[in-house]
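Ligands are counted one by one from 1 in listed order, and the atoms in each one are counted from 1 as well. Reckoned from all heavy atoms, side chains included, excluding hydrogens, waters and symmetry mates.
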Amino acid sequence: MSTQTDQQRRILADMGIDVWLLRDKAGKTVNLPAVDPSNDALSALSSLQNEVQSCQRCGLSQSRTQTVFGSGNANADLLLIGEAPGAEEDRQGLPFVGKAGKLLDAMLFAIGFTREQVYICNVLKCRPPNNRDPQSNEVESCAPFLNAQIEIINPKVILALGRFAAHRLLLTEAPVYKMRETINVLPATDIPVVVTYHPASLLRNPMQKAQCWDDLCKVHQLLEKADS
Ligand code: URA
């Protein structure tokens, strides 16, 4: 078996998960998708990003270093949505580049993806000061940008990372453990939304990692189903 398989096994073991491998992805060489500059989704995302960069819809525009729009493949089958940029993301202008992001990379790798193959963004495009929770007016102000990202990327599956993403997408206040019990669907679409714990929560509560692994397996199965 390839080195990648061993590496995936090690990552899962580090996540505190007893390892078995996904049948199809295990050991498969990862081919990065070619980026076509004339790609419609790419140019639509880049116009939207320009709009976000100058956004002043809420008070977070006053305290941000820069906006954090999102990154990855504009034609991704899998879209991951987190909460809001933290200090490192605000500094670099990219989502999930801090500690939680490293864990997210490992989680993605474990199901056979690199972050360049998926698309990653947040509910909020600006960092809330002192990493406080997003406020509802901020979520509302930013919602049109998130909705537009979803529409442009048109993913086959969405993975909601944590309660803020899940609540925004599914328009509910249900707790994460409840939303994990079922495959949810993005309202007014047929896009399945898998809800899991936020990577930062996994860092604080390693017991949640096994459940998160179950959720990643759900994502993998849904993607396979969508391809068949
Ligand atoms: N937490 C998030 O929800 N998003 C990031 O980009 C970083 C940390």
Side-chain angles (χ1 to χ4, degrees), residues 15 45 48-49 52-53 55 58 60-61 63-74 76 78-110 113-143 145-150 153 155 157-170 172-177 179-180 184 186 193-206 208-209 211-212 215-216 219:
M15 285 170 71
L45 278 183
L48 184 64
Q49 180 164 14
V52 167
Q53 269 161 2
C55 175
C58 79
L60 296 181
S61 59
S63 53
R64 72 183 178 220
T65 304
Q66 58 190 318
T67 55
V68 178
F69 179 70
S71 71
N73 176 2
L78 175 59
L79 171 62
L80 293 92
I81 303 177
E83 178 179 318
E88 196 50 39
E89 289 77 20
D90 176 71
R91 217 177 343 261
Q92 293 192 37
L94 292 168
F96 281 102
V97 285
K99 251 195 188 165
K102 291 213 167 54
L103 178 57
L104 185 62
D105 285 345
M107 287 159 53
L108 282 173
F109 192 73
F113 286 105
T114 64
R115 67 158 58 208
E116 290 78 13
Q117 292 175 306
V118 302
Y119 198 89
I120 306 176
C121 66
N122 286 302
V123 171
L124 295 190
K125 312 305 182 206
C126 298
R127 180 191 181 208
N130 307 313
N131 298 338
R132 65 155 168 74
D133 283 350
Q135 291 172 353
S136 53
N137 69 306
E138 295 160 353
V139 172
E140 286 312 313
S141 306
C142 235
F145 296 136
L146 179 62
N147 294 345
Q149 283 176 307
I150 296 171
I153 296 163
V157 178
I158 294 177
L159 179 62
L161 302 166
R163 74 189 159 106
F164 282 97
H167 289 175
R168 172 67 230 160
L169 293 169
L170 301 173
T172 156
E173 299 268 290
V176 169
Y177 79 87
M179 290 181 280
R180 284 190 61 251
N184 310 273
L186 188 72
V193 178
V194 175
V195 175
T196 196
Y197 297 106
H198 191 283
S201 168
L202 298 180
L203 289 171
R204 290 190 303 270
N205 307 290
Q208 293 173 344
K209 287 181 179 174
Q211 289 160 286
C212 177
D215 301 332
L216 294 175
V219 167

### Task
Mind checking the CZ-NE2 spacing from R204 to H198? Nearest 0.5 Å is all I need.
8.5 Å

### Message
To the closest 0.5 Å, what do you measure between CD1 (I81) and OH (Y119)?
### Response
10.5 Å

### R127 side chain reached by V68 side chain, heavy atoms, under 4.5 Å
no

### Query
Quick one: does L80's side chain get under 4.5 Å of L161's, heavy atoms only?
yes

## Note on the structure
Expected contact list for ligand 1 at under 4.0 angstrom, heavy-atom basis, is G82, E83, A84, E89, P95, F96, N122, H198

### Message
Name the residue from V219, V157, L104, L78 that meets the side-chain contact (heavy atoms from CB on, under 4.5 Å) definition with V118.
### Response
L78

### Query
Got a sec, which pairs hit ring-ring contact (aromatic ring centres under 6.0 Å, His included) with one end in residues 124-143, sequence neighbours left out?
none

